Participant: 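Next up is a structure, given as structure tokens.
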Amino acid sequence: MGSAHTALFNWLFARHEGGTFVLRIEDTDPETAKPELVDPIMESLRWLGLNWDEGPDIGGPYGPYRDSERRGLHDEVVERLLREGHAYRCWCARADLDARGVSSGYDRHCRGLTEAQREELSASGKPAAIRFAVPEGRTEVVVQDLIMGEVRTEDLQDRVIVRSDGSPLYMLAVTSDDIAMEITHVIRGADLLPSTPIQVLLTEALGAPLPKFAHVPLILGPDKAKLSKRHGADGILTFRDEGILPETMVNFLALLGWSSPTQDELLTLDRIIKEFTLDRVHSAPSIFDHQKLAWMNQEYIKALSDDDLENRILDIAPDTPADVLHSVIELELIQSRITKLQDVPDAIQYLHQRPAIDPKAVEKWLGTEEAKTTLETVADRLESVDQWKPDNIKSCVQDTIAELGLHRRKGPKPIFVAISGSEAALPLFESIWLLGQEEAVARLRAATSV
RNA sequence: GCCCCCAUAGUGCAGCGGCCCAGCACGCCGCCCUUUCACGGCGGUAACGCGGGUUCGAAUCCCGCUGGGGGUACCA
């Protein structure tokens, strides 16, 4: 979710500026290198239509596009850092720090080691990590963030950049990769804002030009905490499976933290690209609102052509009876009644399978003598309708209701319940029509004895 | 604890010193339309967190507070 949002902003920015959108997998941690973690990311981006110009699957002039394959570069950079005094070996384990009462940050203990002490530790065979050395006397880093504005940090720590097993850490990898790949704009989640100063220092130490930074505000869950897997909303693919349209998702995500200068909300992709600028991204975190997503999705569904809608439903719900689906779409029965594609199978279920009648509906509409009379009468009349078409069914039912002296609105309710099994369903006359004369009559008769 | 970011209705945004006793959208509540439910139409509800400044004038600038979030890892 969050990463899709950030990816979208990156993509929009690149497309608006005519730049290059690069997909690089940050898998310096073996844990995140697993395909089951990486594949969904690429699948999500593809689903959203966020095509990348360079990436692990398609290559590009600055490959490779997985950090795990760039180890050579990282090692070189570390060596240089060490040689030029911008980094140093550190033998402090977590336990050592705790013993010294260092709860956060680092006390630069190993930075002050003498040559002799270093040799000794080195010879002891105790593994050493490598820390970046914040330049002596440097007390502050100021970053001009394209979204957050001026960010001033005084808390500068000698962070570990290489594990004691020799493998590089994110901090080192991104920085050296961004330099090597000539990345001009780093647009990422605001959760990475605190790590920016050190990256700036690292870049400076390597004598490279700084990229522009833009930190996109985080998306929070309804509980206002950072969206995580635990919210179940993290996987963008679950939205696909529920039947949120990709164009809805893009439009919706774009509006989280950004707005069109026109204030319009239903926007085509072309317009979003044309209007998207970082200075219109605001810096406050936002909360994901499912209701608005649902509304927007319905708007997009209503705008779909019949064929398109039908195919998309079949795509995510292949078991939907195609004939019923086709009729229901052709008659425009379903479009305004669903919020996501996955609602459809349930909504039309009763049209191809006799439903158990909702007990609450039974109690409310079916038990009485009046209801029975209504059902029987209508069943009889319906049975003798010659031409089975909605108009005739409609007049048949309405005439009967009138003759029986029933309420125009409430009168047909028992019929509705008998046909659909519930109090809310697709329009009555079309439903009866689609069911066919025999089945419709049968359902009415069956409902007299519940 | 320390560091950083943020702060307009329930939610998402607009506003970037006077056009704002604050606009739009979702939601919610009425009414209309209607064979149910929806769709649609009309109307309504609801916010500049607090306190100080600056200014002729502040939602807009500054400071403090409060609140929320993020970071504080040999994760990314």
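Throughout, a chain's letter reflects where its sequence line sits, starting with A, and its residues are numbered from 1. Note that this is a predicted model, so its numbers are computed, not measured.
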Participant: Check A:Asp177 with A:Arg66, please: is the shortest side-chain N to carboxylate O separation under 4.0 Å?
Facilitator: no

Participant: What's the closest nucleotide to the side chain of A:Gln291 if the choices are B:C26, B:U11, B:U35?
Facilitator: B:C26

Participant: Nearest whole angstrom, please: distance from the P of B:A25 to the CH2 of A:Trp258.
Facilitator: 17 Å

Participant: Show the distances under 3.5 angstrom between N or O atoms of the protein and N or O atoms of nucleotides 72-76 of chain B.
Facilitator:
residue: B:C74; atom: O2; partner: A:Ser164; partner atom: N; Å: 2.8
residue: B:C74; atom: O2; partner: A:Ser164; partner atom: OG; Å: 3.0
residue: B:C74; atom: N3; partner: A:Ser164; partner atom: OG; Å: 3.0
residue: B:C74; atom: N4; partner: A:Cys92; partner atom: O; Å: 3.1
residue: B:C75; atom: OP1; partner: A:Arg163; partner atom: NE; Å: 3.4
residue: B:C75; atom: OP2; partner: A:Arg163; partner atom: NE; Å: 2.7
residue: B:C75; atom: OP2; partner: A:Arg163; partner atom: NH2; Å: 3.0
residue: B:C75; atom: O2'; partner: A:Asp29; partner atom: OD2; Å: 2.4
residue: B:A76; atom: OP1; partner: A:Thr28; partner atom: OG1; Å: 2.3
residue: B:A76; atom: OP1; partner: A:Asp29; partner atom: N; Å: 3.1
residue: B:A76; atom: OP2; partner: A:Tyr170; partner atom: N; Å: 3.0
residue: B:A76; atom: O3'; partner: A:Glu26; partner atom: O; Å: 2.9

Participant: If the C1' atom of B:C33 is compared with that of B:C26, how far apart are they to the nearest Å?
Facilitator: 23 Å

Participant: Inspect the contact between A:Glu370 and A:Lys410 and indicate whether a charged nitrogen and a carboxylate oxygen are less than 4.0 angstrom apart.
Facilitator: no

Participant: Looking at the side chain of A:Phe429, which of B:A38, B:C26, B:U35 is the nearest nucleotide?
Facilitator: B:U35

Participant: Using a 4.0 Å heavy-atom cut-off across all strands, classify A:Pro427 as base, sugar-phosphate, or nothing.
Facilitator: base

Participant: Give the rounded distance in Å between these two atoms: CZ of A:Arg188 and C1' of B:C5.
Facilitator: 14 Å

Participant: To the side chain of A:Glu430, which of B:C39, B:U35, B:A14 is closest?
Facilitator: B:U35

Participant: Below 4.0 angstrom from OP1 or OP2 of B:C3, is there any side-chain N or O of A:Thr153?
Facilitator: no

Participant: State, yes or no, whether a side-chain contact exists between A:Leu293 and A:Phe239 at a heavy-atom distance under 4.5 Å.
Facilitator: yes

Participant: With rounding to the closest Å, how many angstrom separate the C1' atoms on B:U66 and B:G49?
Facilitator: 8 Å

Participant: Please state the C1' separation for the pair B:U8 and B:C20 - nearest whole angstrom.
Facilitator: 12 Å

Participant: Would A:Glu423 and A:Trp365 count as having a side-chain donor-acceptor pair, cut-off 3.5 Å?
Facilitator: yes

Participant: Could you check whether A:Ala284 gets within reach of a base, just the sugar-phosphate, or nothing at all, counting any heavy atom under 4.0 Å?
Facilitator: sugar-phosphate

Participant: Across all strands shown, which nucleotide pairs with B:G67 by Watson-Crick or G-U wobble geometry, both distances under 3.5 Å?
Facilitator: B:C6

Participant: Using heavy-atom distances to pick each residue's nearest nucleotide on RNA chain B, tell me which of A:Ser283 and A:Lys394 is more 5'.
Facilitator: A:Ser283

Participant: Taking atom C1' of B:C3 as reference, at what distance in whole Å does atom CE of A:Met148 sit?
Facilitator: 15 Å

Participant: Partner lookup for B:G1, please. Criteria are Watson-Crick or G-U wobble with both distances under 3.5 angstrom; report none if nothing qualifies.
Facilitator: B:U72

Participant: What nucleotide among B:U34, B:G27, B:G69 has an atom nearest to a side-chain atom of A:Leu218?
Facilitator: B:G69

Participant: Can you say whether the rings of A:Phe252 and A:Phe288 are parallel (under 30°), tilted (30 to 60°) or perpendicular (over 60°)?
Facilitator: perpendicular

Participant: Any ion pair linking A:Arg381 and A:Asp399 (charged N to carboxylate O, less than 4.0 Å)?
Facilitator: no

Participant: Let's see if you can work this out: which of B:C26, B:G69, B:G23 has an atom nearest to the side-chain heavy atoms of A:Trp295?
Facilitator: B:C26

Participant: Looking at B:A46, which nucleotide sits across from it as a Watson-Crick or G-U wobble partner, both distances under 3.5 angstrom, or is there none?
Facilitator: none

Participant: B:C6 phosphate, OP1 or OP2: any side-chain N/O from A:His282 under 4.0 angstrom?
Facilitator: no

Participant: Salt bridge or not for A:Arg188 and A:Glu26, using N-O below 4.0 Å?
Facilitator: no

Participant: In whole Å, I'd like the distance from the NZ atom of A:Lys413 to the P atom of B:U35.
Facilitator: 13 Å

Participant: Calculate the interatomic distance between A:Ile348 atom CD1 and B:C37 atom C1'; express it in whole Å.
Facilitator: 16 Å

Participant: Can you check the distance between B:A46 and B:G51, where both ends of the measurement are the C1' atom (answer in whole Å)?
Facilitator: 25 Å

Participant: For B:C31 versus B:G69, give the span between their C1' atoms, rounded off to a whole number of Å.
Facilitator: 42 Å

Participant: Name the pairing partner of B:C21, where a pair is Watson-Crick or G-U wobble with both distances under 3.5 Å, or state none.
Facilitator: none

Participant: Taking any heavy-atom pair under 4.0 Å as a contact, classify A:Leu426: base, sugar-phosphate, or nothing.
Facilitator: base

Participant: Measure from the side chain of A:Ser259, starting at C-beta and using heavy atoms only, and say which of B:C13, B:U35, B:G10 lies closest.
Facilitator: B:C13

Participant: Looking at B:A14, B:C5, B:C6, which one has an atom nearest to any side-chain atom of A:Val151?
Facilitator: B:C5

Participant: When you get a sec, tell me which of B:A14, B:A38, B:G40 is the closest nucleotide to the side chain of A:Lys302?
Facilitator: B:G40

Participant: For the C1' atoms, the ones on B:C16 and on B:C62, what distance do you get once it is rounded to whole angstrom?
Facilitator: 16 Å

Participant: To the nearest Å, give me how far apart NE2 (A:His290) and C1' (B:G12) are.
Facilitator: 14 Å

Participant: Before accepting this row, confirm whether a basic side-chain N of the pair A:Asp391/A:Lys394 lies closer than 4.0 Å to the acidic partner's carboxylate O.
Facilitator: no

Participant: Check the distance between B:C39's C1' and A:Asn297's CG and give it to me in whole angstrom.
Facilitator: 16 Å

Participant: Which listed nucleotide (B:C37, B:G70, B:U11) is nearest to the side chain of A:Pro194?
Facilitator: B:G70

Participant: Quick check on B:G15: is either OP1 or OP2 less than 4.0 Å from any side-chain nitrogen or oxygen of A:Arg280?
Facilitator: yes

Participant: For B:C39, give the paired nucleotide (Watson-Crick: N1-N3 plus N6-O4 or O6-N4; G-U: N1-O2 and O6-N3; both under 3.5 Å), or none.
Facilitator: none

Participant: Assess whether one donor atom and one acceptor atom, taken from the side chain of A:Arg409 and the base of B:U36, lie less than 3.5 Å apart.
Facilitator: no

Participant: Can you check the distance between B:G27 and B:C65, where both ends of the measurement are the C1' atom (answer in whole Å)?
Facilitator: 33 Å

Participant: On the 0 to 90° scale, with breaks at 30° and 60°, tag the A:Phe9-A:Phe276 ring pair as parallel, tilted or perpendicular.
Facilitator: perpendicular

Participant: Rounded to the nearest Å, what distance is computed from the CG atom of residue A:Leu333 to the C1' atom of nucleotide B:C37?
Facilitator: 11 Å

Participant: Within the structure, does a side-chain N or O atom of A:Arg337 lie under 4.0 Å from either OP1 or OP2 of B:C39?
Facilitator: no

Participant: Distance only, no hydrogens: is a donor on one side chain within 3.5 Å (strictly under) of an acceptor on the other, for A:Ser122 and A:Arg118?
Facilitator: no

Participant: Distance between the C1' atoms of B:U55 and B:C28, in whole angstroms?
Facilitator: 40 Å

Participant: Syn or anti for B:C24, taking syn as within 90° of 0?
Facilitator: anti

Participant: So does A:Asp178 pair up with A:Arg24, basic N to acidic O under 4.0 Å?
Facilitator: yes

Participant: Under 4.0 Å between any heavy atoms, over every strand shown, what does A:Gln398 touch: base, sugar-phosphate, or nothing? Just pick one.
Facilitator: sugar-phosphate

